[in-house]
Amino acid sequence: MAGVDEAIRVRYAPSPTGALHLGGARTALFNYLFARQKHGQFLLRIEDTDRARFKPDSQASIEEGLHWLGMNWDEPAMIQSQRKEIYAEAASVLLELGAAYRCFCTPQRLEQMRAEQRARHEPERYDRRCRSIPRAESDRRAAGGERFVVRQAIPIDGTTTFHDLVMGTVTFRNDTLDDHVLLKSDGFPTYHLAFAVDDHAMAISHIIRGEGWLPSAPKHLLLFQAFNWLPPAFAHLPLVLGPDKKPLAKRHGAKDVLEYRDAGYLPEAVDNFIAFLGWSPGTTEDILTVEELISKFSIEKIQPSPAMANLERLDWLNGQFIRRLSTDELAARLASRMPGASPEALAPLVPLVRERLRTLNEAPEMLRFFFDEPDAYRPEQLTPKGRDGAAAATALNSAASTLSELPGWTPQTIEPALRALAERIGWSSKDLFMVLRVAITGRTVTPPLIESMSRLGKDRVLARLERAASALADPLRR
RNA sequence: GGCCCGUUCGUCUAGCUGGUCCAGGACGCUGCCCUCUCAAGGCAGAAAUCAGCGGUUCGAAUCCGCUACGGGCUACCA
(Lines give C-alpha, C1' and ligand atoms only; values in the text may rest on other atoms or scores of the structure.)
Protein backbone atom coordinates (compact mmCIF):
# COMPACT_ATOMS: atom_id res chain seq x y z
CA MET A 1 0.00 0.00 0.00
CA ALA A 2 1.15 3.51 -0.66
CA GLY A 3 2.51 5.24 2.40
CA VAL A 4 1.38 8.69 3.41
CA ASP A 5 4.44 10.33 2.00
CA GLU A 6 4.47 8.51 -1.26
CA ALA A 7 3.27 10.18 -4.39
CA ILE A 8 -0.47 10.10 -4.81
CA ARG A 9 -1.45 9.18 -8.34
CA VAL A 10 -5.01 8.42 -9.32
CA ARG A 11 -6.79 7.97 -12.59
CA TYR A 12 -10.19 8.13 -14.18
CA ALA A 13 -10.48 5.32 -16.71
CA PRO A 14 -13.57 5.56 -18.88
CA SER A 15 -14.21 3.36 -21.86
CA PRO A 16 -15.10 5.32 -24.96
CA THR A 17 -18.54 3.87 -25.46
CA GLY A 18 -20.62 6.99 -24.86
CA ALA A 19 -20.78 10.31 -23.09
CA LEU A 20 -19.66 11.38 -19.64
CA HIS A 21 -22.72 11.09 -17.44
CA LEU A 22 -23.22 12.28 -13.88
CA GLY A 23 -22.08 9.02 -12.32
CA GLY A 24 -18.89 8.95 -14.34
CA ALA A 25 -18.31 12.61 -13.66
CA ARG A 26 -18.59 11.95 -9.96
CA THR A 27 -16.04 9.16 -10.13
CA ALA A 28 -13.71 11.48 -12.01
CA LEU A 29 -14.35 14.30 -9.55
CA PHE A 30 -13.57 12.21 -6.49
CA ASN A 31 -10.31 11.16 -8.10
CA TYR A 32 -9.58 14.74 -9.04
CA LEU A 33 -10.36 16.18 -5.59
CA PHE A 34 -8.24 13.54 -3.94
CA ALA A 35 -5.28 14.17 -6.25
CA ARG A 36 -5.42 17.94 -5.84
CA GLN A 37 -5.72 17.77 -2.09
CA LYS A 38 -2.72 15.49 -1.82
CA HIS A 39 -0.72 17.44 -4.38
CA GLY A 40 -0.60 14.30 -6.47
CA GLN A 41 -1.44 13.58 -10.09
CA PHE A 42 -4.82 13.08 -11.69
CA LEU A 43 -4.54 10.98 -14.84
CA LEU A 44 -6.80 9.84 -17.61
CA ARG A 45 -6.81 6.44 -19.25
CA ILE A 46 -8.95 5.45 -22.18
CA GLU A 47 -10.05 1.83 -21.96
CA ASP A 48 -10.73 1.10 -25.57
CA THR A 49 -9.82 -2.56 -25.79
CA ASP A 50 -13.33 -3.55 -26.80
CA ARG A 51 -13.49 -2.77 -30.47
CA ALA A 52 -17.12 -3.79 -30.73
CA ARG A 53 -18.39 -1.11 -28.35
CA PHE A 54 -15.98 1.62 -29.38
CA LYS A 55 -17.56 4.95 -30.38
CA PRO A 56 -15.27 7.31 -32.25
CA ASP A 57 -16.56 10.59 -30.78
CA SER A 58 -16.79 9.34 -27.25
CA GLN A 59 -13.31 10.20 -26.04
CA ALA A 60 -13.52 13.78 -27.24
CA SER A 61 -16.93 14.14 -25.64
CA ILE A 62 -15.74 12.75 -22.32
CA GLU A 63 -12.72 15.02 -22.34
CA GLU A 64 -14.90 18.02 -23.13
CA GLY A 65 -17.15 17.12 -20.23
CA LEU A 66 -14.22 16.82 -17.85
CA HIS A 67 -12.80 20.13 -18.97
CA TRP A 68 -16.14 21.83 -18.62
CA LEU A 69 -16.33 20.64 -15.04
CA GLY A 70 -12.90 22.08 -14.42
CA MET A 71 -10.93 18.85 -14.33
CA ASN A 72 -7.56 18.75 -16.02
CA TRP A 73 -5.28 15.75 -16.12
CA ASP A 74 -1.60 16.02 -15.55
CA GLU A 75 -0.20 13.75 -18.22
CA PRO A 76 -1.32 12.79 -21.71
CA ALA A 77 -4.13 10.25 -21.60
CA MET A 78 -3.01 6.66 -21.78
CA ILE A 79 -4.67 4.84 -24.67
CA GLN A 80 -4.91 1.12 -24.11
CA SER A 81 -5.36 0.15 -27.74
CA GLN A 82 -1.85 1.48 -28.37
CA ARG A 83 -0.31 -0.87 -25.84
CA LYS A 84 -1.22 -4.23 -27.31
CA GLU A 85 2.34 -5.62 -27.29
CA ILE A 86 2.82 -4.65 -23.67
CA TYR A 87 -0.18 -6.69 -22.60
CA ALA A 88 0.94 -9.64 -24.71
CA GLU A 89 4.33 -9.48 -23.05
CA ALA A 90 2.70 -9.30 -19.62
CA ALA A 91 0.59 -12.32 -20.48
CA SER A 92 3.63 -14.34 -21.44
CA VAL A 93 5.29 -13.38 -18.17
CA LEU A 94 2.22 -14.69 -16.37
CA LEU A 95 2.40 -17.88 -18.44
CA GLU A 96 6.01 -18.23 -17.43
CA LEU A 97 5.13 -17.71 -13.77
CA GLY A 98 2.36 -20.28 -13.92
CA ALA A 99 -0.18 -17.64 -12.93
CA ALA A 100 -1.93 -18.02 -16.27
CA TYR A 101 -2.47 -20.65 -18.91
CA ARG A 102 -3.54 -20.93 -22.52
CA CYS A 103 -7.08 -22.05 -23.17
CA PHE A 104 -7.94 -23.55 -26.53
CA CYS A 105 -11.64 -24.07 -25.89
CA THR A 106 -13.89 -22.85 -28.64
CA PRO A 107 -16.77 -20.46 -27.99
CA GLN A 108 -19.11 -23.29 -28.92
CA ARG A 109 -17.67 -25.57 -26.29
CA LEU A 110 -17.87 -22.83 -23.69
CA GLU A 111 -21.47 -22.18 -24.55
CA GLN A 112 -22.31 -25.84 -24.29
CA MET A 113 -20.48 -26.08 -20.98
CA ARG A 114 -22.46 -23.19 -19.60
CA ALA A 115 -25.73 -24.62 -20.83
CA GLU A 116 -25.00 -27.83 -18.97
CA GLN A 117 -24.05 -25.93 -15.84
CA ARG A 118 -27.29 -24.01 -16.06
CA ALA A 119 -29.23 -27.23 -16.44
CA ARG A 120 -27.57 -28.61 -13.32
CA HIS A 121 -28.10 -25.33 -11.46
CA GLU A 122 -24.40 -24.94 -10.97
CA PRO A 123 -22.47 -21.67 -11.05
CA GLU A 124 -21.53 -20.80 -14.61
CA ARG A 125 -17.77 -20.85 -14.55
CA TYR A 126 -14.98 -22.03 -16.79
CA ASP A 127 -14.35 -25.66 -15.91
CA ARG A 128 -10.58 -25.27 -16.17
CA ARG A 129 -10.25 -28.03 -18.72
CA CYS A 130 -7.19 -26.41 -20.34
CA ARG A 131 -5.51 -25.61 -17.05
CA SER A 132 -4.04 -29.11 -16.96
CA ILE A 133 -2.56 -29.05 -20.45
CA PRO A 134 1.19 -29.51 -20.08
CA ARG A 135 3.23 -26.46 -20.90
CA ALA A 136 5.12 -28.14 -23.74
CA GLU A 137 1.91 -29.18 -25.46
CA SER A 138 0.44 -25.73 -24.94
CA ASP A 139 3.50 -24.10 -26.51
CA ARG A 140 3.41 -26.50 -29.44
CA ARG A 141 -0.27 -25.92 -30.19
CA ALA A 142 0.19 -22.16 -29.95
CA ALA A 143 3.20 -22.32 -32.26
CA GLY A 144 1.14 -24.41 -34.62
CA GLY A 145 -1.26 -21.52 -35.06
CA GLU A 146 -4.13 -22.80 -32.98
CA ARG A 147 -6.30 -20.01 -31.61
CA PHE A 148 -6.21 -19.52 -27.88
CA VAL A 149 -6.92 -17.12 -25.06
CA VAL A 150 -4.90 -16.70 -21.89
CA ARG A 151 -6.74 -17.33 -18.67
CA GLN A 152 -5.86 -16.36 -15.14
CA ALA A 153 -4.98 -19.36 -12.95
CA ILE A 154 -6.86 -18.46 -9.80
CA PRO A 155 -5.55 -20.24 -6.67
CA ILE A 156 -7.64 -23.32 -6.02
CA ASP A 157 -8.20 -22.65 -2.36
CA GLY A 158 -7.69 -19.97 0.25
CA THR A 159 -9.26 -16.52 0.29
CA THR A 160 -8.36 -13.13 -1.07
CA THR A 161 -8.93 -10.19 1.24
CA PHE A 162 -8.34 -6.51 0.88
CA HIS A 163 -9.33 -3.42 2.74
CA ASP A 164 -11.51 -1.16 0.68
CA LEU A 165 -11.39 2.46 1.76
CA VAL A 166 -15.14 2.80 1.32
CA MET A 167 -16.60 -0.67 1.70
CA GLY A 168 -14.34 -1.89 4.45
CA THR A 169 -12.67 -5.27 4.54
CA VAL A 170 -13.88 -7.54 1.78
CA THR A 171 -13.10 -11.21 1.56
CA PHE A 172 -13.62 -13.58 -1.36
CA ARG A 173 -13.18 -17.30 -1.37
CA ASN A 174 -10.83 -18.14 -4.19
CA ASP A 175 -12.86 -21.16 -5.21
CA THR A 176 -15.74 -18.86 -6.12
CA LEU A 177 -13.56 -16.88 -8.52
CA ASP A 178 -13.54 -17.75 -12.19
CA ASP A 179 -10.44 -18.34 -14.31
CA HIS A 180 -11.25 -15.32 -16.41
CA VAL A 181 -9.78 -14.51 -19.76
CA LEU A 182 -6.82 -12.12 -19.57
CA LEU A 183 -5.83 -12.01 -23.21
CA LYS A 184 -8.40 -12.45 -25.94
CA SER A 185 -7.75 -14.41 -29.07
CA ASP A 186 -7.52 -11.16 -31.02
CA GLY A 187 -4.50 -10.26 -28.93
CA PHE A 188 -6.25 -7.53 -26.99
CA PRO A 189 -6.31 -7.77 -23.22
CA THR A 190 -9.49 -7.91 -21.19
CA TYR A 191 -9.98 -5.26 -18.56
CA HIS A 192 -8.59 -7.55 -15.88
CA LEU A 193 -5.14 -7.70 -17.40
CA ALA A 194 -5.16 -4.13 -18.66
CA PHE A 195 -6.12 -2.83 -15.25
CA ALA A 196 -3.22 -4.44 -13.48
CA VAL A 197 -0.64 -3.74 -16.15
CA ASP A 198 -1.64 -0.13 -16.62
CA ASP A 199 -2.23 0.79 -13.02
CA HIS A 200 1.24 -0.50 -12.31
CA ALA A 201 2.72 1.23 -15.35
CA MET A 202 1.11 4.50 -14.32
CA ALA A 203 2.25 4.02 -10.72
CA ILE A 204 -1.31 4.46 -9.49
CA SER A 205 -1.46 4.71 -5.71
CA HIS A 206 -5.24 4.61 -5.24
CA ILE A 207 -7.85 3.06 -7.45
CA ILE A 208 -11.04 5.04 -6.95
CA ARG A 209 -13.71 3.58 -9.19
CA GLY A 210 -17.33 2.51 -9.33
CA GLU A 211 -18.81 -0.21 -7.19
CA GLY A 212 -19.35 -2.32 -10.27
CA TRP A 213 -15.69 -3.22 -10.16
CA LEU A 214 -15.73 -4.60 -6.66
CA PRO A 215 -16.30 -8.24 -7.70
CA SER A 216 -13.28 -8.16 -9.99
CA ALA A 217 -11.01 -6.47 -7.45
CA PRO A 218 -9.72 -9.77 -5.99
CA LYS A 219 -8.65 -10.91 -9.44
CA HIS A 220 -6.83 -7.66 -9.97
CA LEU A 221 -5.17 -8.00 -6.61
CA LEU A 222 -4.14 -11.58 -7.41
CA LEU A 223 -2.58 -10.31 -10.63
CA PHE A 224 -0.54 -7.73 -8.75
CA GLN A 225 0.61 -10.46 -6.43
CA ALA A 226 1.51 -12.76 -9.32
CA PHE A 227 3.67 -10.05 -10.87
CA ASN A 228 5.07 -9.32 -7.44
CA TRP A 229 4.00 -5.70 -7.75
CA LEU A 230 2.93 -3.53 -4.86
CA PRO A 231 -0.86 -3.23 -5.17
CA PRO A 232 -2.59 0.14 -4.98
CA ALA A 233 -5.22 0.96 -2.38
CA PHE A 234 -8.82 0.41 -3.44
CA ALA A 235 -11.86 2.62 -2.95
CA HIS A 236 -15.11 1.51 -4.55
CA LEU A 237 -17.75 4.16 -4.94
CA PRO A 238 -21.45 3.43 -4.45
CA LEU A 239 -23.74 3.77 -7.43
CA VAL A 240 -25.49 6.93 -8.47
CA LEU A 241 -29.14 6.25 -9.18
CA GLY A 242 -31.40 8.21 -11.46
CA PRO A 243 -34.85 9.45 -10.42
CA ASP A 244 -36.20 6.07 -11.49
CA LYS A 245 -33.88 4.40 -8.99
CA LYS A 246 -32.03 2.71 -11.78
CA PRO A 247 -28.24 2.99 -11.79
CA LEU A 248 -27.29 6.01 -13.84
CA ALA A 249 -24.66 4.17 -15.81
CA LYS A 250 -27.17 1.63 -17.00
CA ARG A 251 -30.07 3.92 -17.59
CA HIS A 252 -30.97 4.17 -21.14
CA GLY A 253 -30.04 7.66 -22.21
CA ALA A 254 -28.10 8.61 -19.08
CA LYS A 255 -27.59 12.28 -19.56
CA ASP A 256 -24.36 13.65 -20.88
CA VAL A 257 -22.98 16.30 -18.53
CA LEU A 258 -22.68 18.57 -21.56
CA GLU A 259 -26.45 18.59 -21.70
CA TYR A 260 -26.41 20.25 -18.30
CA ARG A 261 -24.04 22.85 -19.67
CA ASP A 262 -26.36 23.45 -22.59
CA ALA A 263 -29.35 23.68 -20.27
CA GLY A 264 -27.76 26.57 -18.43
CA TYR A 265 -26.17 24.94 -15.42
CA LEU A 266 -22.91 26.24 -14.00
CA PRO A 267 -20.04 23.75 -13.83
CA GLU A 268 -19.36 24.75 -10.23
CA ALA A 269 -22.95 23.88 -9.35
CA VAL A 270 -22.74 20.51 -11.04
CA ASP A 271 -19.44 19.77 -9.31
CA ASN A 272 -20.95 20.67 -5.99
CA PHE A 273 -24.02 18.60 -6.70
CA ILE A 274 -22.22 15.42 -7.67
CA ALA A 275 -19.69 15.78 -4.85
CA PHE A 276 -22.54 15.47 -2.39
CA LEU A 277 -23.80 12.28 -3.99
CA GLY A 278 -22.45 9.81 -1.49
CA TRP A 279 -20.13 12.21 0.25
CA SER A 280 -20.45 15.08 2.67
CA PRO A 281 -17.92 17.12 4.63
CA GLY A 282 -19.57 16.01 7.84
CA THR A 283 -20.80 19.49 8.64
CA THR A 284 -23.98 21.35 7.78
CA GLU A 285 -22.31 23.28 4.98
CA ASP A 286 -23.93 22.54 1.67
CA ILE A 287 -22.50 25.01 -0.79
CA LEU A 288 -18.82 24.65 -1.40
CA THR A 289 -16.53 25.99 -4.07
CA VAL A 290 -14.27 23.57 -5.88
CA GLU A 291 -11.35 24.85 -3.78
CA GLU A 292 -13.29 24.06 -0.62
CA LEU A 293 -14.22 20.65 -1.97
CA ILE A 294 -10.55 19.97 -2.54
CA SER A 295 -9.57 20.91 0.97
CA LYS A 296 -12.46 19.15 2.71
CA PHE A 297 -12.65 15.98 0.65
CA SER A 298 -11.87 12.69 2.28
CA ILE A 299 -12.41 9.16 1.06
CA GLU A 300 -13.31 8.03 4.57
CA LYS A 301 -16.45 10.15 4.47
CA ILE A 302 -17.79 8.52 1.35
CA GLN A 303 -20.97 6.62 2.12
CA PRO A 304 -21.15 2.97 1.10
CA SER A 305 -24.80 3.16 0.08
CA PRO A 306 -26.09 4.23 -3.33
CA ALA A 307 -27.28 7.80 -3.85
CA MET A 308 -30.17 8.93 -5.97
CA ALA A 309 -29.68 12.11 -7.98
CA ASN A 310 -32.17 14.74 -6.79
CA LEU A 311 -32.29 17.13 -9.73
CA GLU A 312 -34.44 19.66 -7.87
CA ARG A 313 -31.52 20.16 -5.57
CA LEU A 314 -29.31 20.82 -8.57
CA ASP A 315 -31.69 23.57 -9.66
CA TRP A 316 -31.52 25.18 -6.26
CA LEU A 317 -27.75 24.88 -6.12
CA ASN A 318 -27.44 26.40 -9.55
CA GLY A 319 -29.44 29.40 -8.39
CA GLN A 320 -27.18 29.73 -5.38
CA PHE A 321 -24.07 29.75 -7.52
CA ILE A 322 -25.58 32.17 -10.00
CA ARG A 323 -26.28 34.58 -7.15
CA ARG A 324 -22.68 34.34 -6.04
CA LEU A 325 -21.37 35.45 -9.44
CA SER A 326 -20.19 39.03 -9.84
CA THR A 327 -22.23 41.23 -12.13
CA ASP A 328 -19.60 41.20 -14.85
CA GLU A 329 -19.07 37.47 -14.59
CA LEU A 330 -22.78 36.74 -14.85
CA ALA A 331 -23.14 39.20 -17.72
CA ALA A 332 -20.35 37.43 -19.58
CA ARG A 333 -21.90 34.02 -19.07
CA LEU A 334 -25.30 35.25 -20.15
CA ALA A 335 -23.88 36.94 -23.23
CA SER A 336 -22.58 33.60 -24.45
CA ARG A 337 -26.16 32.36 -24.71
CA MET A 338 -27.77 35.55 -25.98
CA PRO A 339 -26.67 36.29 -29.51
CA GLY A 340 -26.70 40.00 -30.13
CA ALA A 341 -26.34 40.99 -26.50
CA SER A 342 -22.91 42.08 -25.36
CA PRO A 343 -21.64 41.64 -21.83
CA GLU A 344 -21.56 45.43 -21.56
CA ALA A 345 -25.20 45.75 -22.55
CA LEU A 346 -26.17 42.97 -20.19
CA ALA A 347 -24.25 44.17 -17.14
CA PRO A 348 -26.78 46.84 -16.11
CA LEU A 349 -29.60 44.29 -16.45
CA VAL A 350 -27.95 41.57 -14.40
CA PRO A 351 -29.11 42.90 -11.02
CA LEU A 352 -32.69 42.62 -12.26
CA VAL A 353 -32.50 38.90 -12.93
CA ARG A 354 -29.71 37.56 -10.77
CA GLU A 355 -31.86 36.37 -7.92
CA ARG A 356 -34.59 35.13 -10.20
CA LEU A 357 -32.48 32.73 -12.24
CA ARG A 358 -32.23 29.04 -11.61
CA THR A 359 -30.45 28.39 -14.87
CA LEU A 360 -28.66 30.69 -17.27
CA ASN A 361 -31.13 29.74 -19.96
CA GLU A 362 -34.00 31.48 -18.22
CA ALA A 363 -32.41 34.88 -18.75
CA PRO A 364 -33.17 35.49 -22.42
CA GLU A 365 -36.89 35.19 -21.89
CA MET A 366 -36.80 37.33 -18.75
CA LEU A 367 -34.88 40.06 -20.49
CA ARG A 368 -36.51 39.84 -23.88
CA PHE A 369 -38.55 43.00 -23.47
CA PHE A 370 -35.35 45.00 -23.32
CA PHE A 371 -34.47 43.88 -26.80
CA ASP A 372 -37.81 43.33 -28.51
CA GLU A 373 -41.12 45.14 -28.48
CA PRO A 374 -43.92 43.27 -26.73
CA ASP A 375 -46.15 41.11 -28.87
CA ALA A 376 -49.81 41.98 -29.30
CA TYR A 377 -51.38 42.99 -26.02
CA ARG A 378 -54.16 41.01 -24.48
CA PRO A 379 -56.76 43.53 -23.31
CA GLU A 380 -57.82 41.42 -20.34
CA GLN A 381 -54.29 41.52 -18.99
CA LEU A 382 -54.25 45.29 -19.29
CA THR A 383 -57.49 45.63 -17.37
CA PRO A 384 -57.60 45.07 -13.63
CA LYS A 385 -60.55 43.28 -12.09
CA GLY A 386 -63.42 45.66 -11.49
CA ARG A 387 -62.24 48.17 -14.07
CA ASP A 388 -62.99 48.47 -17.75
CA GLY A 389 -60.80 48.97 -20.78
CA ALA A 390 -61.54 52.65 -21.06
CA ALA A 391 -60.42 53.24 -17.47
CA ALA A 392 -57.26 51.29 -18.11
CA ALA A 393 -56.53 53.30 -21.24
CA THR A 394 -57.04 56.49 -19.28
CA ALA A 395 -54.68 55.27 -16.58
CA LEU A 396 -52.04 54.43 -19.16
CA ASN A 397 -52.33 57.83 -20.77
CA SER A 398 -52.15 59.55 -17.42
CA ALA A 399 -49.07 57.58 -16.56
CA ALA A 400 -47.50 58.53 -19.86
CA SER A 401 -48.09 62.21 -19.36
CA THR A 402 -46.97 62.11 -15.75
CA LEU A 403 -43.79 60.34 -16.69
CA SER A 404 -43.10 62.56 -19.65
CA GLU A 405 -42.98 65.54 -17.36
CA LEU A 406 -40.54 63.95 -14.98
CA PRO A 407 -37.36 65.98 -14.50
CA GLY A 408 -35.10 62.94 -14.12
CA TRP A 409 -35.36 59.26 -15.12
CA THR A 410 -34.31 57.17 -12.17
CA PRO A 411 -36.15 54.75 -9.91
CA GLN A 412 -36.14 57.49 -7.30
CA THR A 413 -38.09 59.87 -9.51
CA ILE A 414 -40.31 57.32 -11.26
CA GLU A 415 -41.67 55.45 -8.28
CA PRO A 416 -43.06 58.37 -6.22
CA ALA A 417 -44.62 59.87 -9.32
CA LEU A 418 -46.48 56.67 -10.12
CA ARG A 419 -47.61 56.13 -6.54
CA ALA A 420 -48.94 59.66 -6.47
CA LEU A 421 -50.74 59.02 -9.74
CA ALA A 422 -52.37 55.87 -8.36
CA GLU A 423 -53.59 57.87 -5.41
CA ARG A 424 -54.91 60.62 -7.65
CA ILE A 425 -56.97 58.30 -9.89
CA GLY A 426 -58.10 56.15 -6.99
CA TRP A 427 -56.32 52.95 -8.05
CA SER A 428 -54.31 50.67 -5.87
CA SER A 429 -50.66 50.85 -6.74
CA LYS A 430 -50.76 47.07 -7.30
CA ASP A 431 -53.32 47.48 -10.07
CA LEU A 432 -51.53 50.40 -11.65
CA PHE A 433 -48.19 48.66 -11.58
CA MET A 434 -49.62 45.53 -13.12
CA VAL A 435 -51.18 47.44 -15.99
CA LEU A 436 -47.94 49.29 -16.58
CA ARG A 437 -46.01 46.03 -16.31
CA VAL A 438 -48.07 44.42 -19.04
CA ALA A 439 -47.91 47.53 -21.20
CA ILE A 440 -44.15 47.84 -20.90
CA THR A 441 -43.08 44.21 -20.94
CA GLY A 442 -45.98 42.39 -22.49
CA ARG A 443 -45.99 39.98 -19.59
CA THR A 444 -47.42 39.59 -16.12
CA VAL A 445 -44.27 38.11 -14.62
CA THR A 446 -41.19 40.25 -14.99
CA PRO A 447 -38.19 41.67 -13.20
CA PRO A 448 -39.00 44.63 -10.91
CA LEU A 449 -41.02 47.18 -12.87
CA ILE A 450 -39.56 50.48 -11.71
CA GLU A 451 -35.99 49.32 -12.14
CA SER A 452 -36.81 47.90 -15.53
CA MET A 453 -38.42 51.14 -16.67
CA SER A 454 -35.44 53.10 -15.57
CA ARG A 455 -33.09 50.92 -17.59
CA LEU A 456 -35.38 50.67 -20.60
CA GLY A 457 -35.30 54.42 -21.10
CA LYS A 458 -37.95 57.07 -21.04
CA ASP A 459 -38.71 57.13 -24.76
CA ARG A 460 -39.31 53.43 -25.10
CA VAL A 461 -41.45 53.37 -21.97
CA LEU A 462 -43.63 56.20 -23.17
CA ALA A 463 -44.01 54.65 -26.59
CA ARG A 464 -45.14 51.34 -25.13
CA LEU A 465 -47.61 53.02 -22.79
CA GLU A 466 -49.16 54.83 -25.70
CA ARG A 467 -49.26 51.73 -27.83
CA ALA A 468 -50.97 49.81 -25.03
CA ALA A 469 -53.48 52.59 -24.49
CA SER A 470 -54.45 52.62 -28.13
CA ALA A 471 -54.67 48.83 -28.18
CA LEU A 472 -57.25 49.14 -25.44
CA ALA A 473 -59.13 51.90 -27.17
CA ASP A 474 -59.27 49.91 -30.38
CA PRO A 475 -58.15 46.32 -30.13
CA LEU A 476 -58.15 45.90 -33.88
CA ARG A 477 -55.72 48.75 -34.39
CA ARG A 478 -53.49 47.69 -31.54
C1' G B 1 -28.56 -20.02 -8.88
C1' G B 2 -23.46 -18.41 -6.97
C1' C B 3 -20.31 -14.44 -5.05
C1' C B 4 -20.06 -9.53 -3.06
C1' C B 5 -22.08 -4.80 -1.30
C1' G B 6 -25.85 -1.95 0.82
C1' U B 7 -30.50 -0.39 4.07
C1' U B 8 -31.43 7.15 8.95
C1' C B 9 -37.44 12.11 6.81
C1' G B 10 -40.10 11.72 -0.47
C1' U B 11 -34.62 12.97 -1.84
C1' C B 12 -29.24 14.29 -0.44
C1' U B 13 -27.32 13.66 4.20
C1' A B 14 -25.31 14.55 9.99
C1' G B 15 -24.62 10.68 13.28
C1' C B 16 -17.67 7.91 12.52
C1' U B 17 -14.43 5.55 18.94
C1' G B 18 -22.43 3.52 22.27
C1' G B 19 -25.42 7.96 26.69
C1' U B 20 -25.65 15.38 25.29
C1' C B 21 -30.36 11.96 19.23
C1' C B 22 -37.98 10.59 21.87
C1' A B 23 -32.37 11.81 15.65
C1' G B 24 -29.66 17.57 13.35
C1' G B 25 -29.01 20.23 8.41
C1' A B 26 -30.33 20.85 3.17
C1' C B 27 -33.69 20.23 -1.29
C1' G B 28 -38.77 19.82 -2.11
C1' C B 29 -43.62 20.74 0.32
C1' U B 30 -47.17 23.91 3.62
C1' G B 31 -48.11 28.57 6.24
C1' C B 32 -46.66 33.52 7.61
C1' C B 33 -43.55 37.99 6.86
C1' C B 34 -41.40 41.19 3.13
C1' U B 35 -43.55 42.99 -1.53
C1' C B 36 -45.29 46.56 -7.94
C1' U B 37 -45.62 40.58 -10.44
C1' C B 38 -42.22 36.57 -10.01
C1' A B 39 -38.25 35.40 -7.43
C1' A B 40 -34.71 35.98 -3.57
C1' G B 41 -34.58 36.49 1.68
C1' G B 42 -36.53 35.79 6.83
C1' C B 43 -39.58 32.96 10.26
C1' A B 44 -42.57 28.74 11.46
C1' G B 45 -44.29 23.78 10.32
C1' A B 46 -45.44 18.79 8.48
C1' A B 47 -42.12 14.85 7.31
C1' A B 48 -37.49 9.07 9.66
C1' U B 49 -40.96 3.97 15.55
C1' C B 50 -32.86 5.01 12.44
C1' A B 51 -35.50 -2.02 7.13
C1' G B 52 -37.32 -6.10 10.66
C1' C B 53 -36.12 -9.54 14.54
C1' G B 54 -32.93 -11.26 18.20
C1' G B 55 -28.39 -10.48 21.10
C1' U B 56 -24.33 -7.68 23.88
C1' U B 57 -24.88 -3.53 27.47
C1' C B 58 -27.10 0.01 33.11
C1' G B 59 -27.92 2.21 28.17
C1' A B 60 -27.68 1.18 20.69
C1' A B 61 -29.28 4.68 14.88
C1' U B 62 -24.37 3.65 16.67
C1' C B 63 -21.38 -3.25 18.41
C1' C B 64 -22.75 -8.68 16.89
C1' G B 65 -26.03 -12.33 14.43
C1' C B 66 -30.15 -13.70 11.50
C1' U B 67 -34.10 -12.42 8.14
C1' A B 68 -36.25 -9.33 4.49
C1' C B 69 -35.67 -6.05 0.71
C1' G B 70 -32.56 -3.45 -2.85
C1' G B 71 -28.30 -3.51 -5.93
C1' G B 72 -23.75 -5.01 -8.39
C1' C B 73 -20.94 -8.91 -10.66
C1' U B 74 -21.23 -13.63 -12.73
C1' A B 75 -18.73 -12.52 -21.52
C1' C B 76 -12.69 -13.78 -25.64
C1' C B 77 -17.71 -5.95 -22.33
C1' A B 78 -15.56 -1.97 -19.57
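Labels below follow one simple rule: chain letters A, B, ... track the order of the sequence lines, proteins then strands, and each chain is numbered from 1.
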For [N], the Watson-Crick or wobble partner whose two distances fall under 3.5 Å:
N      : result
B/rC22 : none
B/rG70 : B/rC5
B/rG65 : B/rC53

>> Which nucleotide wins on minimum distance to the side chain of A/S15, given the candidates B/rC76, B/rU37, B/rA78?
In response: B/rA78

Does a nitrogen or oxygen in the side chain of [X] sit under 4.0 Å from OP1 or OP2 of [N]?
X      : N      : answer
A/K184 : B/rA75 : no
A/K301 : B/rC16 : no
A/R354 : B/rA40 : no
A/Q320 : B/rG41 : yes
A/S280 : B/rA14 : yes
A/T49  : B/rA78 : yes

> Pick one: which of A/R109, A/R114, A/R120 meets salt bridge (Lys or Arg N to Asp or Glu O under 4.0 Å) with A/D127?
Replying inline: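 Considering A/R109, A/R114, A/R120, a salt bridge (Lys or Arg N to Asp or Glu O under 4.0 Å) with A/D127 is found only for A/R109.
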
> For RNA chain B, whose closest nucleotide is more 5', that of A/H121 or that of A/T169?
Replying inline: A/H121

> For A/D199 and A/R45, what are the C-alpha separation, side-chain angles and deciding distance, and is it a side chain to side chain contact (heavy atoms under 4.5 Å, CB included)?
Replying inline: CA-CA 10 Å; A/D199 283 330; A/R45 183 168 78 216; 2.7 Å; yes

> Hey, does A/R358 reach any base, or is it just sugar-phosphate, or nothing, if we go heavy atoms under 4.0 Å?
Replying inline: sugar-phosphate

> Roughly how far apart, to the nearest Å, are B/rC58 and B/rA47 at atom P?
Replying inline: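 That atom pair is separated by 35 Å.
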
